[in-house]
Amino acid sequence: MARSSQTRISTKMRTPRLYVGECRQGAGVLTLSERNHHYLSRVLRVREGQSLVVFNGVGFEAQATVTSMSKKQTLVTLSSGTVTEDIRLPITLGLCLIKSNHFDWALQKATELGVKAIQPILGTYSDSPPKDEKLRKKKDHWQEILVNACEQSGNNWIPKLKPLLPLSELELDREQLVFAHPQTETIPIDPSRHSFYLVGPEGGFHMDEVALLKKNQVKPMSLGPRILRAETAVIVGLTLLGQQYGYV
Ligand code: SAM
C-alpha cells in the first residue's frame, strides 16, 4: 500500500503527524529516521521551522519543529509532550490470510477502528503465505500499514502485530473468543473482558474448524443474512463489538 502525502497530514491543521518510534518522554533534539527524513524532505518538501506532531506508538505524543534539514538528515526539536490515553478497543483481530491487497486493506481499517492487536491466521482455506525472506518482508509491509494508519487517524497506540499462526494452534481458552460465521446465532460478549475476534478466509472456515470452535464454546457472531467479503466482515464485526464495549 503506497504511502501518500495526504494520508499522513491532518486535513484540519495540515500538520504532518509522524511515527517516531525512538522518541521517549521529554523535550530534546531528535535525528529522524531515514523513512521520516525522506518523507519530509522529498515527499512533503518541508523547510526548517515546519511544525510537526510526533508520537512513539505507545502513547507518547509531542509537538515538534524541524530545526535542521540537510540532504542526508533532518533534526527536530521536541516540546515536552504527553502520554495520551489508550482509547483502542479491547479487541484482538484474528484474520485468516486472504488475497494480499484485501488483507492490507483490512489491516488499515482495523487499525483505524482501533484494535489492540492483530493476529494473522492460517486457516484451511486461507491463501498461502509467502516463505522465509518474503514473509519477513511481508511482515514489515504489514507493520508499515499499521504505522501509516495510526499517523493518519490520530491514534498514538500502534496495534501489536502478532506472528502468523495456524488456526489449529490458537489457544481457545485463553480469552473471550468470537468467530464471525454466516447463519449463526450471535451470543453477546462480556464487555468487561478482552475479545479475540476471528474472521475466516474467502472460502470460509472448514467444517472441522467450525466444529473445533463450537466445541470450545467460542462465541459465534452473525453479521446479517448476506455473505460478506472477509475484509467487510472485519469492519462490520469490529463496529458491532465496539458498540457492545460502548466505544462507538
Ligand atoms: N462461503 C463462506 C462461508 O459460508 O463461510 C464465505 C466466507 S466469507 C467470504 C469470509 C468470512 O467472512 C467468513 O468466514 C466469516 O468469518 C465472515 N462472514 C462473511 N459474511 C458473514 C456473515 N453474514 N455473518 C458472519 N460472518 C460472516
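The chain is numbered in sequence order, starting from 1. Counting starts at 1 for both ligands and their atoms, following the listed order.
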Determine, stepwise, if the pair S222 / Q183 fulfils side-chain contact (heavy atoms from CB on, under 4.5 Å). CA-CA 6 Å; S222 167; Q183 289 159 7; over 6 Å; no
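Identified under the ring pair (Phe, Tyr, Trp, His ring centres under 6.0 Å) test for residues 60-80, with sequence neighbours left out: none.
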Between ligand 1 and the protein, tabulate every N or O atom pair separated by less than 3.5 Å, reporting distance only.
| residue | atom | partner | partner atom | Å |
| --- | --- | --- | --- | --- |
| ligand 1 | 16 (O) | A180 | O | 2.6 |
| ligand 1 | 16 (O) | G200 | N | 3.0 |
| ligand 1 | 20 (N) | L228 | N | 2.9 |
| ligand 1 | 23 (N) | G224 | O | 2.9 |
| ligand 1 | 23 (N) | R226 | O | 2.7 |
| ligand 1 | 24 (N) | L223 | N | 2.9 |
| ligand 1 | 26 (N) | H181 | N | 3.2 |

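Electrostatic pairing of E175 and R193 does not count as a salt bridge here, judged by no charged N lying under 4.0 Å from a carboxylate O. Ionic pairing of D140 and R136 is present here: one or more N-O contacts between side-chain nitrogen and carboxylate oxygen are shorter than 4.0 angstrom. Salt bridge E151/R35: present, at least one basic N to carboxylate O contact under 4.0 Å.
Atoms CD and OG1, on Q50 and T74 in that order, are 11.0 Å from each other to the nearest 0.5 Å.
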